[in-house]
Amino acid sequence: QVQLVESGGGSVQAGGSLRLSCAASGYTYSTYSMGWFRQAPGKGREGVICITPLDHRLYIADSVKGRFTISQDNTKNTLYLQMNNLKPEDTAMYYCAATRRRYGGAWSCNDFTDLYWGQGTQVTVSS
């Protein structure tokens, strides 16, 4: 059974940093496409950063380019999201997601289907 558990959310002031973690279990970690999504109040879910297995190709949303990075520790089956220079508009519930599907060519997080989701972790950025 696939399980994804996020942690690391919190409240910070604008310009601050946070690192989110997603501990994965129940599947062969390195074979799934994974990513971070977020949903702000009253808005739809947005793909932030996603990564494909093996070739480690990335999609990064324009809204976070240059500020957010993704990394993995395959020994711990953990995905990280490092968020720097946070802005109030980054305030949202952040979710980790994984899918056994793989993607080639041009793709974005929003192309991911058959996703498993974590429970989410709240990030609040004050001005």
Side-chain angles (χ1 to χ4, degrees):
Q1 181 179 354
V2 174
Q3 284 195 313
L4 303 169
V5 180
E6 302 98 332
S7 61
S11 297
V12 297
Q13 290 191 323
S17 298
L18 283 173
R19 188 176 80 155
L20 306 184
S21 299
C22 172
S25 62
Y27 66 98
T28 304
Y29 175 79
S30 60
T31 64
Y32 276 46
S33 300
M34 296 192 69
W36 289 95
F37 295 73
R38 67 185 182 185
Q39 187 164 19
K43 295 188 176 181
R45 191 167 289 184
E46 172 191 19
V48 177
I49 297 185
C50 294
I51 186 168
T52 53
L54 303 179
D55 58 359
H56 305 297
R57 293 175 63 217
L58 292 176
Y59 166 84
I60 305 174
D62 287 342
S63 56
V64 304
K65 278 181 181 175
R67 301 187 299 121
F68 290 13
T69 58
I70 195 171
S71 62
Q72 301 183 93
D73 185 339
N74 287 353
T75 66
K76 297 181 178 178
N77 291 355
T78 300
L79 183 73
Y80 301 99
L81 178 66
Q82 178 67 43
M83 305 184 294
N84 298 327
N85 190 21
L86 282 159
K87 303 176 179 181
E89 52 263 43
D90 295 318
T91 295
M93 184 72 79
Y94 283 72
Y95 298 90
C96 174
T99 174
R100 68 182 64 192
R101 293 187 178 274
R102 301 184 184 182
Y103 299 85
W107 56 270
S108 75
C109 295
N110 296 323
D111 294 321
F112 280 16
T113 58
D114 300 327
L115 285 160
Y116 297 93
W117 295 95
Q119 82 289 351
T121 186
Q122 178 67 39
V123 172
T124 302
V125 185
S126 58
S127 57

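- Pairs passing the side-chain hydrogen bond (donor to acceptor under 3.5 Å, both in side chains) check and including a residue from residues 10-24, sequence neighbours excluded, read S17-N84.
- Pairs passing the salt bridge (charged side-chain N to carboxylate O under 4.0 Å, His left out) check and including a residue from residues 117-127, sequence neighbours excluded, do not occur.
- Contacts classified as disulfide bond (SG atoms under 2.5 Å apart) and involving residues 52-100 (residues at least two apart or in different chains) are given here: C22-C96.
- For Y29, there are no ring pair (Phe, Tyr, Trp, His ring centres under 6.0 Å) partners two or more places apart in sequence or in a different chain.
- When each of D90, I60, V64, L20 is tested with V48 by the rule side-chain contact (heavy atoms from CB on, under 4.5 Å), just one qualifies, namely V64.
- Sorted by first and then second residue, the disulfide bond (SG atoms under 2.5 Å apart) pairs involving residues 30-64 (not counting sequence neighbours) are C50-C109.
- Within the structure, the ring pair (Phe, Tyr, Trp, His ring centres under 6.0 Å) test picks out the following pairs touching residues 3-28 (sequence neighbours left out): Y27-Y32.
- Judged as a salt bridge (charged side-chain N to carboxylate O under 4.0 Å, His left out), the pairs with a partner in residues 44-60 (not counting sequence neighbours) are, in order, R38-E46.
- Legend: salt bridge (charged side-chain N to carboxylate O under 4.0 Å, His left out) pairs involving residues 105-118, not counting sequence neighbours, sorted by first then second residue: R101-D114.
- Pairs of residues two or more places apart, or lying in two chains, never qualify as salt bridge (charged side-chain N to carboxylate O under 4.0 Å, His left out) while including a residue from residues 2-11.
- Applying the ring pair (Phe, Tyr, Trp, His ring centres under 6.0 Å) definition to pairs two or more places apart or across chains, none involves residues 70-101.
- Under the rule for a ring pair (Phe, Tyr, Trp, His ring centres under 6.0 Å), Y116 has no partner lying at least two apart in sequence or in another chain.
- Atoms CD and CE, from Q72 and M34 in turn, are 7.0 Å apart once rounded to the nearest 0.5 Å.
- Judged as a ring pair (Phe, Tyr, Trp, His ring centres under 6.0 Å), the pairs with a partner in residues 33-60 (not counting sequence neighbours) are, in order, F37-W117.
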